[in-house]
Amino acid sequence: MKKNVIWWPALNNPNHSEKYGGFSYFEHSRKAWEYWCKKNDVLFVAFTEPVENDFTKFRPQWQKCLFVFDELERMGIEYDQIALIDSTATPHWDCPNFFELTDRKFTAWKDMDNMRWVHDSIQGYKEFFDDFDFDNTKYINSGFMIFNEEHKEFFDSLKKLYYDNLETFVKLQD
């Protein structure tokens with residue numbers, strides 16, 4: 001039977017271990033999401049082993065999106081909807097079952113928390129997109145997205161784009 005899935009990426013990038021305090025917060029986030037999943041009959045899937053070990057070329061923020069469908073298939077997991085939720089997030093004690101609120105549409109939140117970071121992120125990749133003037137109020141946070149099989153083609157195209165332009169993306173993200 002297909003279930004909704006929390007895809008919880010927690011890749012410990014050894015290059016950033018000191019910067020992020022050894023990633024000890026993973027434990028707290030994981031326990032909270034496991035509790036939320038049990039309460040809402042959702043399957044918790046921790047993504048803790050990288051597909052690509054080169055974290056310079058394949059940073060965790062890329063791996064979580066590029067390989068989500070491949071990894072669920074490899075694990076033999078049948079899913080209805082997938083919520084990709086970063087390990088930095090922790091649900092509130094009364095967080096509703098947000099899968100029931102999506103109408104099976106791609107769902108994410110606009111990232112308006114740190115507009116300097118949003119601006120820098122857009123500017124960092126702007127040359128790749130032919131200097132397209134992106135409206136920063138439409139920028140979404142990739143740390144909380146809900147999607148399903150209907151969106152697999154988009155994620156596959158993102159993976160192809162990344163592999164086809166790997167060296168350019170590595171240069172731009174630095």
Side-chain angles (χ1 to χ4, degrees), residues 5-23 25-26 29 33 45-75 77 79 81-90 98 102-174:
V5 170
I6 296 292
W7 175 254
W8 185 79
L11 299 176
N12 187 344
N13 182 344
N15 301 328
H16 295 138
S17 189
E18 187 174 309
K19 180 179 179 180
Y20 295 110
F23 301 100
Y25 62 86
F26 283 177
S29 174
W33 283 111
V45 179
F47 177 47
T48 58
E49 296 298 323
V51 172
E52 297 280 358
N53 289 316
D54 184 342
F55 282 115
T56 300
K57 291 183 177 179
F58 296 91
R59 293 183 179 182
Q61 61 266 35
W62 283 101
Q63 290 201 42
K64 70 183 182 185
C65 297
L66 298 179
F67 305 120
V68 56
F69 286 99
D70 297 339
E71 286 298 288
L72 290 174
E73 184 177 311
R74 184 186 64 77
M75 294 175 196
I77 295 173
Y79 52 85
Q81 297 183 89
I82 303 162
L84 184 160
I85 301 177
D86 277 356
S87 55
T88 57
T90 304
F98 39 75
T102 67
D103 293 325
R104 298 191 46 75
K105 295 177 183 174
F106 185 95
T107 305
W109 76 65
K110 291 181 182 180
D111 197 336
M112 306 295 282
D113 180 48
N114 184 339
M115 293 308 290
R116 174 61 187 233
W117 189 93
V118 169
H119 172 79
D120 289 349
S121 179
I122 291 170
Q123 295 306 309
Y125 291 98
K126 191 171 187 171
E127 79 176 57
F128 179 81
F129 295 103
D130 297 324
D131 290 326
F132 178 78
D133 192 21
F134 184 76
D135 178 356
N136 65 358
T137 65
K138 295 181 179 178
Y139 189 98
I140 64 166
N141 185 311
S142 69
F144 186 96
M145 302 183 293
I146 303 171
F147 45 89
N148 58 56
E149 183 68 31
E150 293 175 21
H151 307 107
K152 185 178 186 300
E153 185 177 326
F154 167 76
F155 282 85
D156 286 343
S157 70
L158 179 64
K159 182 168 41 174
K160 181 176 180 350
L161 177 75
Y162 191 81
Y163 273 99
D164 288 351
N165 299 281
L166 180 63
E167 296 306 321
T168 301
F169 278 118
V170 169
K171 183 185 109 194
L172 292 175
Q173 68 192 5
D174 287 336

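The model shown is predicted, which means the values in this text are computed figures rather than measured ones.
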Original post:
Just by distance, do the side chain of D103 and the backbone of K105 share a donor-acceptor pair under 3.5 Å?
Top reply: no

Original post:
Under 6.0 Å between the ring centres of F144 and F98?
Top reply: yes

Original post:
If you draw a 6.0 Å radius around NZ in K126, do more than 12 non-hydrogen atoms from other residues or ligands fall strictly inside?
Top reply: yes

**OP:** Work out which heavy atom in F26 is nearest to a heavy atom in L11; give both atom names and the distance.
**Re:** CZ-O, 4.1 Å

**OP:** Locate the shortest heavy-atom distance separating C65 from F155; write the atom from each residue and the value.
**Re:** O-CD2, 3.4 Å

Original post:
Does E73 pair with K152 as a salt bridge, N-O distance under 4.0 Å?
Top reply: no

Original post:
If you round to the nearest 0.5 Å, how far is CD1 of I6 from CD of Q81?
Top reply: 10.5 Å

**OP:** Measure from the side-chain N and O atoms of N148 to the backbone N and O of R104, and report whether any donor-acceptor pair falls under 3.5 Å.
**Re:** yes

Original post:
How long is the span from the CD atom in E149 to the CG atom in L72, to the nearest 0.5 Å?
Top reply: 10.0 Å

Subject >> I146 versus A83, closest heavy-atom pair with distance >> reply: CG1-CB, 3.9 Å

Original post:
Quick check: does any side chain N or O of E52 sit under 3.5 Å from a backbone N or O of Q63, one acting as donor and the other as acceptor?
Top reply: no

**OP:** Please tell me if the side chains of K159 and F67 come closer than 4.5 Å, counting only heavy atoms from C-beta onward.
**Re:** yes

**OP:** Would you indicate whether the side-chain heavy atoms of E71 and M75 approach each other to under 4.5 Å?
**Re:** yes

**OP:** Kindly determine whether F58 and Y163 satisfy ring pair (Phe, Tyr, Trp, His ring centres under 6.0 Å), including the steps that lead there.
**Re:** CA-CA 10 Å; F58 296 91; Y163 273 99; 5.4 Å; yes

Subject >> Any donor-acceptor N/O pair, W33 side chain to A46 backbone, under 3.5 Å >> reply: no

**OP:** Determine the interplanar angle of the F69 and F147 rings, folded into 0 to 90°, and report it as parallel if under 30°, tilted if 30 to 60°, perpendicular if over 60°.
**Re:** tilted

Original post:
Roughly how far, to the nearest 0.5 Å, is the CG atom of N165 from the CZ atom of F128?
Top reply: 3.5 Å

**OP:** May I ask you to decide whether D70 forms a salt bridge with R74, counting only side-chain N to carboxylate O separations under 4.0 Å?
**Re:** no

Subject >> Validation row: I77, W7 side chains within 4.5 angstrom (heavy atoms) >> reply: no

Subject >> Of I82, V45, V5, the residue whose pairing with V68 passes side-chain contact (heavy atoms from CB on, under 4.5 Å) >> reply: I82

Original post:
Under 4.5 Å between any side-chain heavy atoms of M145 and H151, yes or no?
Top reply: no

Subject >> Qualifying residues under side-chain contact (heavy atoms from CB on, under 4.5 Å), relative to Q61, sequence neighbours excluded >> reply: R59, K64

**OP:** Please work out which of the three classes, parallel, tilted or perpendicular, describes the rings of F169 and Y162, given edges at 30° and 60°.
**Re:** parallel

Original post:
How many angstroms lie between atom CD of Q123 and atom CG of D131, to the nearest 0.5 angstrom?
Top reply: 8.5 Å

Subject >> Evaluation steps, salt bridge (Lys or Arg N to Asp or Glu O under 4.0 Å), between D156 and K160 >> reply: CA-CA 6 Å; D156 286 343; K160 181 176 180 350; over 6 Å; no

Subject >> Side-chain donor/acceptor of S87 to backbone N/O of A10, under 3.5 Å >> reply: no

Original post:
Hey, does F47 have a side-chain heavy atom less than 4.5 Å from the side chain of P60?
Top reply: no

Original post:
For the residue pair V118 and Y139, what are the closest heavy atoms and their distance?
Top reply: CG1-CG, 3.6 Å

Subject >> Heavy-atom closest contact (I140 atom, A108 atom, distance) >> reply: CD1-CB, 3.7 Å

Subject >> Atom pair CE (M115) and CG (D120), whose distance is rounded to the nearest 0.5 Å >> reply: 11.0 Å

Original post:
Which residues satisfy the side-chain contact (heavy atoms from CB on, under 4.5 Å) test with D54, sequence neighbours excluded?
Top reply: T56, K57

Original post:
Donor-acceptor pair, S157 side chain versus F154 backbone, under 3.5 Å?
Top reply: yes

Original post:
Would you say D86's side chain and T88's backbone share a donor-acceptor pair under 3.5 angstrom?
Top reply: no

Subject >> Closest approach of S142 to L84 (non-hydrogen atoms, all atoms of both residues) >> reply: O-CD2, 3.4 Å

